[in-house]
Amino acid sequence: MRAVQLYGIGQLAVGTKAAPRLAPGQVRVRVRAAGICGSDIHNYRTGKWLATLPVTPGHELFGEVLEAAADVTGFAPGSRVVADSRVWCGQCEACQQNAHNLCASLGFVGEVCDGGFAEQVVLPARSLLPVPEAVPDDVAVLSEPLGVALRVLNQLRAPPGSRVRVAGGGTIGGLVALLLRRTGQCRVQLSEPNAERRARLAALVPLEEASPYDFAVEATGQMAVLRELVAGIRPGGRIALVGIFHHVAELDCNLLVEREITLTGCSVFRDEQRQALGLMAGMAEDLRTLMAPPVPLEAVPAAYEALIAGRSSYLKTVVAP
């Protein structure tokens, strides 16, 4: 089968490989769509979370079941599924509390095992979620990042009418802004340097000019941006961090202490991906607006470089194997 493989930092190639073998507890899926995530780019540039090489990236994937192992039930051939990107141990204290997003050895599809930038993928049945009939094929691939965005809202806990500054209009920041307005009834400010991307979001979300804010979302992974949010938020405010930071840097913690500012991390999701699947049918038209036309497997290396260079006006680039 055709597949993209990451061989090391900056080493991405498209070729052929043997189709994966089916083992007990697993399901074979024909990949219909897979999204390129910021963490895929981060791995390509740093190799930070890679457990084995080569590996096929792609943890945001949608497809249809081809076959299931004899001990697996509930996944009939032809049924539509999305991947739960998390790979958890099931043994640690967090897993025992069903907080799989906080697993002591948490990994992800496309990092610790092959992912969706391929014609087929084999995953444990526990890593697949059925797609509701009302959810259109072309937007189902966004269930994973939409689940992350819902996690951000649940961690932020901004009451209706709150003024919220979102820093970063990429996939997660953009979906957060959309959800803050649609489901949270919040007043949204957006910091996004890509003018086309910002305009695309502004067509869906009424954006307010910069003003005092009580809540904020850091979705860039840039320490300078976090410092600005800490300096600008009103005393007693809360900032949700979901961006992936590339470097360790200093933060003036006295500002947090003296102004009682709360920083809260947002690690993937707990049950929010299931919630996202329940919302997607009603959000389909908005979600389509944020997605670039699909690209084939052969175009993935060029798509990576375009995303690194910030040339895309869309919030999500999707691969269609």
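Hydrogens, waters and symmetry mates are skipped; everything else that's a heavy atom, side chains included, is used.
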Under 3.5 Å, is there a donor on one side chain and an acceptor on the other for [X] and [Y]?
{"X": "T56", "Y": "Q5", "result": "no"}
{"X": "S211", "Y": "Q189", "result": "yes"}
{"X": "E305", "Y": "Y44", "result": "yes"}

Counting only heavy atoms not in E208, do more than 12 fall under 6.0 Å of its CD? yes
For atom CZ of R126, decide whether the heavy atoms of other residues, nucleotides or ligands shown that lie under 6.0 angstrom number more than 12. yes
Over all atoms of both residues, closest heavy-atom pair of L201 and L290: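 Answer, listing the atom of L201 first, then L290: CD2-CD2, 4.1 Å.
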Testing the basics here: between L229 and Y213, what is the closest heavy-atom pair and its distance to 0.1 Å?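 That closest heavy-atom pairing would be O-OH, 3.3 Å.
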Do NZ/NE/NH1/NH2 and the carboxylate oxygens of E64 and R80 come within less than 4.0 Å? no
Heavy-atom check, side chain of C37 versus side chain of H59, under 4.5 Å: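 Side chain of C37 against side chain of H59, heavy atoms only: contact under 4.5 Å found.
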Looking at side-chain heavy atoms only, is the closest gap between V31 and E119 below 4.5 Å? no
Honestly, is R200 close enough over Y314, meaning NZ or CZ under 6.0 Å from the six-membered ring centre and within 45° of the axis?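 Verdict for Y314: a cation-pi partner in R200.
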Classify the angle between the aromatic ring planes of H42 and W49 as parallel (below 30°), tilted (30 to 60°) or perpendicular (above 60°). tilted
Going through the checks in order, is the side-chain hydrogen bond (donor to acceptor under 3.5 Å, both in side chains) test met by E218 and T220? CA-CA 6 Å; E218 203 303 304; T220 72; 2.3 Å; yes
